[in-house]
Amino acid sequence: MKNSMWSGRFESQSSELLQVFNASLTFDKLLYKQDIQGSIAHANMLCHCAIISEAEKDAMIKGLKQIEAEIEARNFSFDIKDEDIHMAIEKRLSALIGAEIGGKLHTARSRNDQVVTDFKLFAKEQNQLLQNLLKELIETLLTHAKTHKTTIMPSFTHLQHAQPISFSFWILSYAFMFMRDIKRLKASFELADFSPLGSCACAGTSYKTDRTMSANLLGFKDIMPNAMDGVSDRDFALDLLYNIAVIFMHTSRLCEELILFSSAEFDFIQISDAYSTGSSIMPQKKNPDVCELIRGKTGRAYGNLIALLTTMKALPLAYNKDMQEDKEGLFDSVKNATQSLIILNAMLKEISIKKENMLKACQKGHLLATDLADFLVREKNIPFRKAHFIVGEVVAKADKMGLDLSELSNLHELEPLFDEVNAKRLLNFENSLNAKQSEGSSAVKSVEKQIKILENFLKGDKVA
Ligand code: ARG
């Protein structure tokens, strides 16, 4: 008894244990669209190369489209015995149009090139989806950046108060991370844009096929030039997993800051009720679960990358069944990344920004100390190291008085190098912000430039 498409040489049926263990159908059915797309392109190519007739091609395409409709209407009966989506669809095609014609679809093709083609089409599509979601996220960040150019907040290094910045400047730093993520995705897309279809098992085929034709039909820029590499390559999946890991690294940092900033200790922002959760016991609680989940999912995203890298390590060429393990991690990562970007964007649109609290926080931690030192360097020709020391002494005096530098009315008395007029000018947060001259700084002018860079990027770079 034989029970599989490949069982010609087998004398007995495979065990049920093997069928379940070997099958990927439970998860790779997600690739049904790409599989049908790939088969239609392959059928067209076979006909163009006179390997099948026009009528056979038409029957195949009609059957494949019907199968697509059946799957989408949930009318398709998935059977684990079919092993994977590729065989499930092929079996159904033969049932619909007869094995005489259906059986010809797999000419000049192997499941090895078929599976990697489908998976690559999926990866390319998800890559573009992520690029678009990141663009939408940048747009939201830009909206906040435009309204908060003079909303003063403290910056932190070592999580200790550092220097005054604007909320706009802070949020733009994330927009630039996401811009780089888009650029990284684009670069990976380019590398993935080569079709493996027609590589067959690993050595090519004795039919005179036209791989460029099927590649073009599938939207690939070109073909993989080496069939062995064509079926063995999973770099495109690793690239996407790495891209997603970096996106999560960025969103986890943003989420971490949103969690801190919405705590009672900081109280800089408020996450709207629509994106907050309550506690089952403490009636007063509002928790930032969305941010925590995104931060938490970062671990899975890293894990999926490491898992596939490890699966691929030292794997001999060409196809090995190990490679069936490439899918679930990527499916998991793209699902989590798309969901996370969508909800993060929606949540960010609704955050409220507590200007007064941010300003109040600036009055702790002597944020203006560097401005005082820079003044001594600029106006009094004192070397920076010495200026640093002098201001350090002023800070110590202020501390003893229980005051922040910004609250001092007698700076000129504490340190005669400062006069009253300059002291007043220097001990002002907005002045500190705009005193920055370097490119890329927190000054309003510089922030406006940064907004322009991002706007230009979004304009010139729309992915269709
Ligand atoms: N289900 C397999 C996978 O996802 C398809 C490729 C099978 N090829 C083979 N030679 N058994 O990797």
Side-chain angles (χ1 to χ4, degrees), residues 2-10 13-39 41-42 67 71 76 78-94 103 105-126 192 195-205 214 218 224 227-238 240-241 304 307-335:
K2 300 157 183 189
N3 60 352
S4 176
M5 280 189 183
W6 40 249
S7 55
R9 64 162 293 185
F10 286 68
Q13 213 165 328
S14 54
S15 87
E16 260 177 53
L17 266 180
L18 174 95
Q19 280 171 21
V20 174
F21 190 67
N22 200 36
S24 51
L25 185 60
T26 50
F27 51 87
D28 68 15
K29 59 182 174 194
L30 199 69
L31 296 175
Y32 78 91
K33 245 190 177 345
Q34 288 80 6
D35 196 68
I36 286 167
Q37 200 190 346
S39 288
H42 185 65
I67 294 169
I71 295 175
F76 190 91
F78 289 101
D79 182 355
I80 195 98
K81 285 199 213 76
D82 292 335
E83 201 176 315
D84 58 27
I85 188 66
H86 323 290
M87 303 229 273
I89 289 174
E90 199 188 318
K91 192 179 90 180
R92 178 70 186 139
L93 183 67
S94 283
L105 177 63
H106 213 52
T107 317
R109 178 177 85 172
S110 144
R111 249 188 316 154
N112 297 350
D113 58 334
Q114 187 180 358
V115 68
V116 69
T117 302
D118 296 357
F119 199 35
K120 219 173 199 185
L121 288 171
F122 175 83
K124 282 179 62 185
E125 185 186 300
Q126 296 298 314
S195 170
L197 189 58
S199 296
C200 302
C202 68
T205 181
S214 54
L218 292 173
M224 295 285 284
M228 185 85 123
D229 181 41
V231 291
S232 310
D233 167 46
R234 292 297 182 276
D235 295 0
F236 65 91
L238 289 166
L240 189 53
L241 286 167
N304 290 332
L308 185 57
L309 273 174
T310 313
T311 296
M312 296 307 293
K313 175 185 177 290
L315 208 59
L317 300 182
Y319 179 85
N320 298 269
K321 195 62 174 243
D322 310 46
M323 287 153 89
Q324 182 165 286
E325 292 296 315
D326 60 1
K327 286 169 209 67
E328 286 160 290
L330 190 81
F331 292 164
D332 182 66
S333 277
V334 293
K335 183 172 133 229

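Atoms within each ligand, like the ligands themselves, are counted from 1 in listed order. All figures in this text were calculated on a predicted structure; none of them were measured in a lab.
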Hey, does Q324 come in under 3.5 Å of ligand 1, counting only N/O atoms on both sides? yes

Any nitrogen or oxygen of N112, side chain or backbone, less than 3.5 Å from one on ligand 1? yes

Please evaluate residues L330 and F119 with respect to the criterion side-chain contact (heavy atoms from CB on, under 4.5 Å), reporting the C-alpha separation (whole Å), side-chain torsions for both, the decisive distance (0.1 Å), and the verdict. CA-CA 10 Å; L330 190 81; F119 199 35; 3.6 Å; yes

How far apart are the C-alpha atoms of S333 and N304, what are their side-chain angles, what is the distance that settles it, and do they pass the side chain to side chain donor-acceptor pair (under 3.5 Å) test? CA-CA 7 Å; S333 277; N304 290 332; 2.9 Å; yes

Per-residue contact class, K327 against ligand 1 - non-hydrogen pairs under 4.0 Å: side chain

Considering the heavy atoms of D84, write down every atom of ligand 1 situated less than 4.0 Å from one of them. 1 (N), 2 (C), 5 (C)

Do we see a donor-acceptor contact under 3.5 Å between the side chains of R109 and S39? yes

Under 3.5 Å between some N or O of ligand 1 and some N or O of S24? yes

Starting from atom 3 (C) of ligand 1, locate the nearest protein heavy atom and write down its residue, its atom name and how far away it is, to 0.1 Å. Y319 OH, 3.3 Å

Ring centers of F76, Y32 separated by less than 6.0 Å: no

Identify whether NZ of Lys or CZ of Arg in K29 sits under 6.0 Å from the centre of the six-membered ring of F78 and within 45° of that ring's axis. yes

No-hydrogen, no-angle side-chain donor-acceptor test under 3.5 Å, E83 and Q19: no

Taking atom 11 (N) of ligand 1 as the reference point, the nearest protein heavy atom with its distance: R111 NH2, 3.5 Å

